[in-house]
Every structure is written in C-alpha cells, then in structure tokens.
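Everything numeric here is computed off the predicted structure, so don't read it as measured data. Numbered from 1 within each chain, the chains take letters A, B, ... in sequence-line order.
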Amino acid sequence: MPELPEVEVLVRHLRPLLQNKKVRRVEVRRAKVLAPTSVRKFARTLTHARFTGLRRRGKYLLFTLRGVNSRAPFMLVGHLGMTGRMYLLPTGSQLPKHAAVVLDLGRQNFIFEDTRYFGRLTLDQTATDRLGPEPLEAGFTPASLSKGLQRSGQPIKVKLLDQSLVAGIGNIYASEALFRAAISPFLPANRLKISEVARLWRAIRAVLNEAIGCGSTVPLDYPGEGKRDGLFYFGRAPGTPDFYEERLRVYDRADLPCPTCGTAIKRSVQAARSTFYCPKCQRRRA
DNA sequence: CACCATGTTCCTTG
DNA sequence: CCAAGGAACATGGT
C-alpha cells in the first residue's frame, strides 16, 4: 500500500505503538530486503535497541532507534515497494507467508511483510538522499515545481513519478493530480504554462491531503485480514461505510464515467505504466 | 497461458 | 555528464 498518503497514515499509526519499544530478537526471513546491509550487521545493530521516533520522507519510513549498549542513535529506513506492509501482531501468532523481517518487541512482533519483496528495511540511507522536496512542506512551491519541470521534455505524468522532482507521488496520485488540475498527462513537462504549473501544484497538495484525511478517519485494516487486501486504495476495514471506497476519481476507472463530465475515462500506457485520464477534461493543447 | 499490478535501480543508448 | 527508455526484481490475481 505505498504512496505518500498511505505511508503517512501508516507512520501516524505505528509511531505511538513503537515508541520506546525494545527489540528483543531479530528474525530475517528474506535477506534481500536489508540490502545492502548484511543480516549480521542488521541483527547486531537492532537487537536490544529501542524505538525513539518515526517519521516519513517521500514514500520512506524513517525509524530512529537508540542502541542499549552503545547508546548511539541510528536510523532504520523502510520502504514498502509495491506490496509491503508493516504492522504488529501478538507474539506467538502465525507469521504471514511473506514475512520478510520480524522484530520481537516482547508482547508483540513487528512484522514487515512483502509479497513481492520489492520493499526495504535497511540501515542504508543513500536512497533518501536523492529525494526532491516534500510536497506538503514549505520547500515545495509553484516556483520550485516550475524550475523542476524546465529541462524535461518528458510527458508530465511520467515526470511526476520522478522522486527527485517531488517526493512521494506514485502512479495512482500522478493520474489523480493531473485530473484535478485538468492537465493532459501527455503534455511535455517543459511546456506547461505558469498557470498550469500553479494548478498542478495545488492539485498535488489537495489530492495528497485528501487521501491522508481519508485514511486518518477510517479504521484501516493494516494486517490485511479483511476480505480483499490490507486495503487502503479500494476497500475498507469491515464495518466502514461504503462511500469510502470510491476515493479515486480516475485511477483504475477505465470506461467508467468521468465524475465531472460523464465522458468515459481512458487508460493509456506511459513509461510502461498505466495512466488514467478524462479525454475531455484533460484535453491537450497544441 | 496471457496480461496486469501502489516502485526503484541498473544498464544501455543517444 | 545528462536525459530517456527498457529490463529486471518476485509473486499473485484475473
């Protein structure tokens, strides 16, 4: 469940649950997710360490811990990839099939589960160095966005997925933001007018904030024990009202009516990924 | 069997 | 050096 809003909601959920919890034992079931950190170093560093903080940067989760013996604070960097999840389970409950890392916290286990193993839980921080500004913070402005788009002839939809432009937008919210800004996903990044950049800037923030707000008010099913998924995108925890389902205006809605004009939503492929848009509301200029 | 999937990195090409 | 495109990673759903 991984774009900025999902990670933000997860971070808010986990922060109080992990605060001051001590790692008693480390179980690495899929060493790949630690790379380039070795299993040995990971286990040695984390065992007996205590969680002191958790924040988000783009789609990354940044855990801070303090080692007991060394007292040296250190950072643990998490990324959910496409299918990653992080949650707590009572100690002793059966582990999910694709549990990649298990941290024994005493009464509970912290689980990092990832079906496809594209995610990460590592001591390596280099990936976060390449991230652009946080879209919901002051460093992200219409001017900074405009500057970032200047030298790129890539379609704006593809450019929005570039994490060095702005951190945290993924394939879903790229389509959603462009729909909200009424901009064609095919328009070259360096050809957006100032007014369009301004609209896109607002749309990005609105779309992300709306998604976070949605997640914050709905009791989400983190371990994914509900019927469908660990649902954030399309579903909900049992007992949650129906209207929380259709939060996305165009993503994965090919052939369904545009919420604004009723025209059928189209699906196209850009950079080997699906793009969804309304061909009427998001018409291309010359 | 075919194609699709919320992401990132690496390699090649120009 | 940089921009851009494509494959690779790995598993499961339809």
Side-chain angles (χ1 to χ4, degrees), chain A residues 1-11 29-37 56-61 77-86 96-101 112-122 124-132 147-178 186 188-191 207-208 211-212 214-215 220-222 224 226-236 245 247-255 267-276:
Chain A
M1 55 145 157
E3 289 184 38
L4 183 152
E6 293 74 33
V7 177
E8 178 62 29
V9 170
L10 176 62
V11 161
R29 314 180 104 226
R30 185 63 78 119
K32 185 203 173 210
V33 305
L34 312 181
T37 303
R56 179 192 58 72
R57 176 80 174 95
K59 301 172 194 172
Y60 290 83
L61 298 99
V77 178
H79 194 290
L80 299 173
M82 297 270 265
T83 52
R85 288 187 192 133
M86 294 181 184
K97 182 178 180 184
H98 299 292
V101 177
F112 172 37
E113 166 194 12
D114 188 354
T115 306
R116 292 170 74 180
Y117 302 109
F118 286 177
R120 284 290 181 277
L121 190 62
T122 178
D124 177 63
Q125 290 180 239
T126 55
T128 57
D129 297 342
R130 300 166 216 147
L131 297 177
K147 188 179 177 188
L149 299 177
Q150 292 296 322
R151 281 179 310 250
S152 177
Q154 279 187 309
I156 185 62
K157 155 62 166 43
V158 176
K159 195 64 191 168
L160 285 177
L161 299 179
D162 179 351
Q163 301 299 295
S164 68
L165 174 73
V166 52
I169 298 174
N171 205 40
I172 291 176
Y173 296 107
S175 282
E176 294 294 316
L178 287 169
F186 306 104
N190 56 13
R191 298 243 299 266
V207 159
L208 297 178
I212 291 169
C214 195
L220 296 174
D221 179 18
Y222 294 92
K227 295 190 177 180
R228 302 165 69 175
D229 193 357
L231 284 223
F232 191 96
Y233 293 118
F234 311 114
R236 59 198 189 280
E245 276 210 61
R247 295 185 297 103
L248 304 175
R249 312 257 223 268
V250 291
Y251 182 80
D252 202 30
R253 298 181 61 78
D255 301 327
R267 171 184 180 272
S268 181
V269 175
Q270 296 180 283
R273 317 211 51 195
S274 292
T275 297
F276 298 89

* To do: Just call it for A:Arg120: base, sugar-phosphate, or nothing, with non-hydrogen atoms closer than 4.0 Å on any strand.
  =>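 The answer is nothing, as A:Arg120 stays clear of every strand by at least 4.0 Å.
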
Apply side-chain hydrogen bond (donor to acceptor under 3.5 Å, both in side chains) to [X] and list each qualifying residue two or more places apart in sequence or on a separate chain.
X        : result
A:Arg130 : none
A:His98  : A:Tyr117
A:Asn190 : none
A:Glu176 : none

Sorted by chain and number, sequence neighbours left out, salt bridge (charged side-chain N to carboxylate O under 4.0 Å, His left out) with A:Arg116 holds for none

With sequence neighbours left out, the residues meeting salt bridge (charged side-chain N to carboxylate O under 4.0 Å, His left out) with A:Arg56 are A:Glu8, A:Glu134

- Above 12 or not: heavy atoms from other molecules or residues under 6.0 Å from CG of A:Asp255?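 Open.
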
Return the minimal non-hydrogen interatomic distance between A:Leu160 and A:Ile169, and the atom names on each side.
->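 Reported closest heavy-atom pair: O-CB, 3.7 Å.
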
Taking every heavy atom of A:Ala167 against every heavy atom of A:Gly58, the minimum-distance pair comes out as CB-CA, 3.7 Å

Residues 149-159 of chain A vs salt bridge (charged side-chain N to carboxylate O under 4.0 Å, His left out), sequence neighbours excluded, gives A:Lys159-A:Asp162

Tabulated below should be each protein N or O lying under 3.5 Å from an N or O of nucleotides 1-5 of chain C; please produce it.
unit_1	atom_1	unit_2	atom_2	d
C:dA4	OP1	A:Gly153	N	3.0
C:dA4	OP1	A:Gln154	N	3.4
C:dA4	OP2	A:Ser152	OG	3.3

Does A:His79 make a side-chain N or O approach to OP1 or OP2 of B:dT8 shorter than 4.0 Å?
->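 Indeed, a polar side-chain atom of A:His79 lies that close.
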
C:dA7 phosphate, OP1 or OP2, under 4.0 Å from A:Arg273 side-chain N/O: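 Looking at the OP1 and OP2 atoms of C:dA7, neither is under 4.0 Å from any side-chain N or O of A:Arg273.
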
A correct dot-bracket answer for DNA chain C, with pairs being Watson-Crick or G-U at under 3.5 Å, [ ] for crossing pairs and | for inter-strand pairs, is .||||||||.||||

Between the protein and nucleotides 9-13 of chain C, list the N/O to N/O atom pairs that are separated by less than 3.5 angstrom.
unit_1	atom_1	unit_2	atom_2	d
C:dA10	O4'	A:Arg116	O	3.2
C:dA10	N1	A:Arg116	NE	3.2
C:dA10	N1	A:Arg116	NH2	2.4
C:dA10	N3	A:Arg116	NE	3.0
C:dT11	OP1	A:Arg30	NH2	2.8
C:dT11	O3'	A:His98	NE2	3.2
C:dG12	OP1	A:Lys97	NZ	2.9
C:dG12	OP1	A:His98	NE2	2.6

Q | Gap in Å between the two P atoms, one belonging to C:dA10 and one to B:dC11, rounded | A |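 Per the computed distance, 15 Å lies between those P atoms.
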
From [atom1] of [X] over to [atom2] of [N], roughly how many Å is that when rounded to an integer?
X        : N     : atom1 : atom2 : result
A:Glu3   : B:dA5 : CD    : C1'   : 12 Å
A:Leu160 : B:dT8 : CG    : C1'   : 17 Å
A:Lys157 : B:dG7 : NZ    : C1'   : 12 Å
A:Asn171 : B:dT8 : CG    : P     : 11 Å

So, A:Gln163 side chain and A:Gly132 main chain: donor-acceptor pair closer than 3.5 Å or not? no

Within the 3.5 Å criterion, strictly below it, is a donor on A:Tyr173 or A:Glu6 matched to an acceptor on the partner's side chain?
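Yes - a donor-acceptor pair under 3.5 Å links their side chains.
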
| message | Could you work out, with side chain to side chain contact (heavy atoms under 4.5 Å, CB included) as the rule, every residue matching A:Ala254, not counting sequence neighbours? | response |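 Here the qualifying residues are A:Arg267, A:Phe276.
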
In 5'-to-3' order, the base (B), backbone-only (S) or no-contact (-) status of each nucleotide in nucleotides 9-14 of chain B, using a 4.0 angstrom heavy-atom cut-off, is S-----

